[in-house]
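Take a look at the structure set out below.
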Amino acid sequence: MSRRTGSLNLKGRFMFWNKEIETASREDIEQLQSNRLKQCVKKVYENVPLYKTKFDEVGLKPEDISTVDDLTKIPFTVKDDLRDTYPFGMFAVPKKDVVRIHASSGTTGKPTVVGYTTKDLDMWSSVMARLCVAGGVSAHDTAQVAFGYGLFTGAFGLHYALEKIGVTVIPASSGNTEKQIMLMKDFGTTVLISTPSYALYISEVMAQMGIDPKRDLKLKYGLFGAEASTEEMRRELEERLGIVATENYGLSEIIGPGVSGECTDKCGMHINEDHFIVEIIDSVTGEVLPYGEEGEVVITAMSKEALPILRYKTKDISNLIPNKCSCGRTSMRMAKIKGRSDDMLVIRGVNVFPSQIETVLLKSQEVEPHYEIIVKRENWLDQLEVLVEIADTSLLENYSRLEDLQNRIKSEIRTILSIDANVKLVEPNTLKRFQGKAQRVTDLRDQ
Ligand code: DLL
């Protein structure tokens, strides 16, 4: 099923990597999902003690699962299940069959470890190749992978998919930004692969080096992912770098990048549904929500050999888009991730996603897309502080314009969030920059 059956468009570019699957009917996809789910359930019940226990606890037998409609009978899997069985307790194959290990990017405690067999790696590069092609990439391209190579799945996930397509791959890794830009110029990079926040930083260093990407570089596409970003950030990156920017979503527990990604029509991320079933649930009741309703993303990876996962609660917030896309793909899509439920700040009883603040800030031409959100508690009251860099230093000499801008941002935040923020305009180049996943929120309330 991962064989390439793509068709070419008039410019000799692939429109699809695996047309048969990418344009399959809902009935065919659901039939395939049902068959794979049935096999997966049997396999994990027999090979993964944690799943046997979970099934036995609710009196569920593998025979009770025969179609995708039975999915809701299956208990959820959570990150702690992987932590509790650290490092290899959830592997469904003997360790000798595992040919690659990756681990989550968690900053505290033990990482969550994931494994792949040779067949898993082949599936991974195939599903990721579909998304690269959907994002405009072809064998004519030169792609610079500026995700960090290592335990993080981002770089390797993209790397092998790009090679499969026949792209010239530059495994630059993250960091060393001036050299990245030199390589882009000298090697004629056409595709940049990184987090959106690192792409933003790269564009800033380009400006400092006197490089105009539209004039001096050959960049055409940006494949971004691994962190939440807004439509406003996409527009900013497209404008600064002169590219079409698409977004990719995934997580190491499921496979890494490759779960879903946008086509160049940029209207939701196409899910690789033949390998991953995505549900949206109410995270409190656990109930599955109807298409279009926002909730927690739950994913079943039913065709992996080393680490099949049933109904994994991701904590990411999104909604499903079921109608056919103008690109011709029939797959279900996921809306941009609004944020993670554990990144959601509750400030004076109001739910605040950092992405809502980003949207307000990036609408203003007078500030740069570099910001920091600090939440404190003063006199038993939550205080929201937003630091943002101004675009033009001459503002610093004009107190009334500065105050006017500060008040405008404050009032827009109040309109959207119904809370008052203390907005601080700071000089350009004073806030932190990121080479991987951005860390823009500091919550000091527990200190
Ligand atoms: O970030 C995998 C990945 C790499 C995806 C490169 C896309 C591109 P982890 O390090 O395990 O894996 O982190 C997974 O990152 O649960 C989300 O919270 C977040 N995330 C990943 N992609 C997106 C995205 C990789 N496009 C966690 N938008 C996930 C928003 C994202 N959040």
Side-chain angles (χ1 to χ4, degrees), residues 77-79 82-83 101-108 110-116 124-125 127-128 130-132 134-135 137 143 145-162 173-174 191-199 222-231 233-234 237 245-262 266 268-272 276 278 283 294 296-299 301 307 309 312-319 333-344 353-355 358 434-441:
T77 307
V78 294
K79 201 176 186 86
L82 282 148
R83 288 213 174 104
I101 298 281
H102 280 285
S104 76
S105 46
T107 45
T108 52
K110 301 257 193 204
T112 42
V113 181
V114 297
Y116 305 77
W124 189 13
S125 55
V127 291
M128 195 58 240
R130 290 180 201 164
L131 303 180
C132 291
V137 177
V145 182
F147 281 132
Y149 280 74
L151 287 175
F152 174 55
T153 51
F156 283 99
L158 268 296
H159 183 109
Y160 289 103
L162 293 162
S173 204
S174 60
V191 184
L192 172 63
I193 289 166
S194 70
T195 57
S197 49
Y198 190 39
L223 262 57
F224 301 128
E227 66 182 11
S229 71
T230 56
E231 278 302 331
M233 183 64 88
R234 184 213 302 274
L237 291 171
T246 55
E247 169 142 8
N248 279 280
Y249 169 78
L251 54 163
S252 42
E253 294 89 328
I254 297 302
I255 191 146
V259 172
S260 62
E262 287 176 328
K266 300 180 274 193
M269 297 182 283
H270 291 273
I271 301 166
N272 279 310
F276 311 111
V278 176
S283 36
E294 197 174 89
E296 180 174 357
V297 177
V298 167
I299 312 178
L307 188 61
I309 292 251
Y312 186 73
K313 288 185 80 182
T314 64
K315 297 199 171 171
D316 295 319
I317 312 289
S318 178
N319 60 273
R333 282 164 288 148
M334 284 168 61
K336 245 180 184 313
I337 304 289
K338 188 171 176 187
R340 289 179 59 79
S341 55
D342 47 9
D343 283 350
M344 185 184 81
F353 281 100
S355 59
E358 179 174 301
F434 305 94
Q435 302 184 345
K437 296 183 190 240
Q439 254 299 346
R440 296 192 174 99
V441 181

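Worth saying up front: this structure is predicted, and the values here are computed from it rather than measured. The figures here come from the full heavy-atom set of this structure, side chains too, leaving out hydrogens, waters and symmetry mates. Order of appearance sets the numbers: ligands from 1, and atoms from 1 within every ligand.
- Contacts between Glu227 and ligand 1 below 4.0 angstrom, taking non-hydrogen atoms only, involve the backbone exclusively.
- Between Phe152 and His102, the gap from one ring centroid to the other reaches at least 6.0 Å.
- Listed by number with element, the atoms of ligand 1 under 4.0 angstrom from any heavy atom of Phe152 are 1 (O), 4 (C), 10 (O), 25 (C).
- Every N/O-N/O distance between Ser104 and ligand 1 stays at or above 3.5 Å.
- Less than 4.0 angstrom separates some heavy atom of Phe147 from each of these atoms of ligand 1: 6 (C), 8 (C).
- Between Ala226 and ligand 1, an N or O atom pair is found at a separation short of 3.5 Å.
- Within the 4.5 Å cutoff, the side chain of Met269 has no heavy atoms near those of the Ser318 side chain.
- Residue-ligand proximity, Gly154 to ligand 1, at heavy-atom distances under 4.0 Å covers atoms 4 (C), 6 (C).
- In the candidate list His102, Met334, Lys338, Glu247, Glu247 is nearest to atom 28 (N) of ligand 1, counting heavy atoms.
- Close contacts of ligand 1 with Arg340, meaning ligand atoms under 4.0 Å from a residue heavy atom, involve 16 (O), 18 (O).
- Taken to the nearest 0.5 Å, the CG atom of Leu151 stands 9.0 Å off from the OG atom of Ser104.
- In this structure, of Glu253, Met128, Lys437, the residue bringing a heavy atom nearest to atom 9 (P) of ligand 1 is Lys437.
- Using a 4.0 Å cut-off to heavy atoms of Ile337, the atoms of ligand 1 that qualify are 28 (N), 30 (C).
- Ring to ring, His159 and Phe147 are not that close: their centroids are 6.0 angstrom or more apart.
- Note that CD of Glu253 is 9.0 Å distant from OG1 of Thr314, once rounded to the nearest 0.5 Å.
- Residue-level proximity to ligand 1 for Leu158 is absent, since no heavy atom of it falls below 4.0 angstrom.
- Taken from CE in Met233 to CZ in Phe224, the straight-line distance is 10.5 Å, to the nearest 0.5 Å.
- Under the 6.0 Å cut-off for aromatic ring centres, Tyr116 and Trp124 qualify, their centroids lying closer than that.
- Considering CE of Met344 and NZ of Lys315, their distance stands at 11.5 Å, rounded to 0.5 Å.
- Proximity of Lys315 to ligand 1 is not established, as no heavy-atom distance is less than 4.0 Å.
- Considering backbone and side-chain N/O of Thr314, none are found under 3.5 Å from N/O of ligand 1.
- Between Thr112 and Lys79, some side-chain heavy-atom pair lies under the 4.5 Å cut-off.
- In this model, a donor atom of one side chain and an acceptor atom of the other lie less than 3.5 Å apart for Ser197 and Glu227.
- Under 4.0 Å from ligand 1, heavy atoms of Leu251 appear from its side chain as well as its backbone.
- Each of the following atoms of ligand 1 lies closer than 4.0 Å to a heavy atom of Thr153: 2 (C), 12 (O).
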